There are 2 protein chains.
Amino acid sequence: MSEENEWSEYAARLIADAGLRRSTPRQRVIELLAEQSCAITALQIDAALDGVGRATVYRAIEQLEELGLVHKVDLGGSAFGYEKLEPSGHHHHHIVCDDCGKVEPFEDEALEDAIHDIHRKGFKLETHEVTLHGHCADCS
Amino acid sequence: MSEENEWSEYAARLIADAGLRRSTPRQRVIELLAEQSCAITALQIDAALDGVGRATVYRAIEQLEELGLVHKVDLGGSAFGYEKLEPSGHHHHHIVCDDCGKVEPFEDEALEDAIHDIHRKGFKLETHEVTLHGHCADCS
DNA sequence: ATAGTAATGAGAATGAATCTCATTATACGA
DNA sequence: TCGTATAATGAGATTCATTCTCATTACTAT
Ligand SMILES: [Mn+2]
Ligand SMILES: [Mn+2]
Ligand SMILES: [Zn+2]
Ligand SMILES: [Zn+2]
């Protein structure tokens, strides 16, 4: 099974388990998110889905976030980005060019290890976000 | 010399080197940021400084950011936070409770080492931001 | 099929951040 | 010290991502 379908179906399952209905608009938001390999904004989703209202897009994102299916990321622009969170836990982080706004995903095993070693009493840690800032080759 | 004064004077020097004037409103923004040990929002700064306009607060923050004196952080609320960046490079990151919004700073040497070992060709890395999300004791 | 209610979407409202522009303050040379 | 150039300011308007409202629609279970 492709990774997109895997996530879509996992999402459908959690949605059902949460007692939510299987509605077409929310389903389309899920499918669009499933196709993306990196972050996309709420307004991009809204624009891509004719017939799906803005409010529905934001509501769907909020629910997916609460179910741990989607992750909100600040990529330096004027809007937040959202990307699916694989059930395996496998994920990437981002490098942002502070001059032109270009975003590149990256993965780093040592970084993940260091993060997983962090414990703070009084806090149950769930997710994390790492963003590196700098200047890309074109802007240097 | 206290760390606040150290940063204030460092900021004053960079402001001067950049050819900017030593204006009272901008100076007051700098001093307020110097007093904080963690992030504060632009509107909190504006509210704390009577006689200093909102536009001036945002402009000052933008300039300080460009000079590498201030760091913008997304702490999950409706507005961004800003905190001073010590000339020594010494800094902390944040743990956020996704339920109540509580923010706690933390430092981790191994994490910093892992981040400094990250290199990406075509990118000159400057700063980084790490945010851990979870649930605090009160909300668990 | 029907009832019960979750979900939707158009549009209004909110609010952080940005922009405008007339006025003021600062730096610097005379 | 004075005058000039212009950086900087602040009130208010504006933008625009996000949230809210509420009448209507569409799931789902019976
Ligand atoms: Mn749409
Ligand atoms: Mn103010
Ligand atoms: Zn990670
Ligand atoms: Zn760090």
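These values consider heavy atoms only, across backbone and side chains, with no hydrogens, waters or symmetry-generated copies. Lettering of chains follows the sequences in order, A, B, ..., and the numbering in each one begins at 1. Keep in mind the model is a prediction, meaning the values are calculated, not measured.
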Going by chain and number, the hydrophobic cluster around A:Val130 (ILVMFWY, side chain to side chain under 4.5 Å) further includes A:Ile95, A:Phe106, A:Leu111, A:Ile115, A:Ile118, A:Phe123, A:Leu125, A:Leu132, B:Ile95, B:Phe106, B:Leu111, B:Ile115, B:Ile118, B:Phe123, B:Leu125, B:Val130, B:Leu132
A:Arg28 has an atom CZ; how far is it from atom P of D:dA26, in whole Å?
-> 14 Å
Distance-only check: which donor-acceptor pairs under 3.5 Å involve side-chain atoms of residues 62-71 of chain A, not counting sequence neighbours?
{"from": "A:Gln63", "atom 1": "OE1", "to": "A:Arg26", "atom 2": "NH1", "distance (Å)": "3.0"}

Is the NZ or CZ atom of B:Lys72 positioned over B:Tyr82's six-membered ring, under 6.0 angstrom from the centre and within 45° of the axis?
-> no
With a cutoff of under 4.5 Å between side-chain heavy atoms, which Ile, Leu, Val, Met, Phe, Trp and Tyr residues group with B:Tyr58?
-> B:Leu43
Taken in chain and number order and not counting sequence neighbours, the residues that satisfy ring-ring contact (aromatic ring centres under 6.0 Å, His included) with B:His94 are B:His92
side-chain hydrogen bond (donor to acceptor under 3.5 Å, both in side chains) partners for B:Glu31, two or more places apart = none
Reading 5' to 3' through nucleotides 7-17 of chain D, protein heavy-atom contacts under 4.0 Å coded B for base, S for sugar-phosphate only, - for none | BSBBB-B---S
Write out all pairs satisfying salt bridge (charged side-chain N to carboxylate O under 4.0 Å, His left out) with one or both partners inside residues 129-140 of chain A, taking only residues at least two apart or from two chains.
-> A:Lys102-A:Asp138
Nearest whole angstrom, please: distance from the C1' of C:dA16 to the OH of B:Tyr82.
-> 9 Å
Over how many whole Å does the gap from B:Ile61 atom CD1 to C:dA17 atom P extend?
-> 8 Å
Roughly how bent is the helix from C:dA1-D:dT30 to C:dA30-D:dT1 end to end, in steps of 10 degrees, with each end axis from five pairs?
-> 40°
Could you list all the side-chain hydrogen bond (donor to acceptor under 3.5 Å, both in side chains) pairs where at least one residue sits in residues 104-115 of chain A, not counting sequence neighbours?
-> A:His90-A:Glu107, A:His91-A:Glu112, A:His93-A:Glu112, A:Glu104-B:Arg120, A:Glu112-A:His128
D:dT19 C1' sits how many Å from A:Glu62 CD, rounded?
-> 9 Å
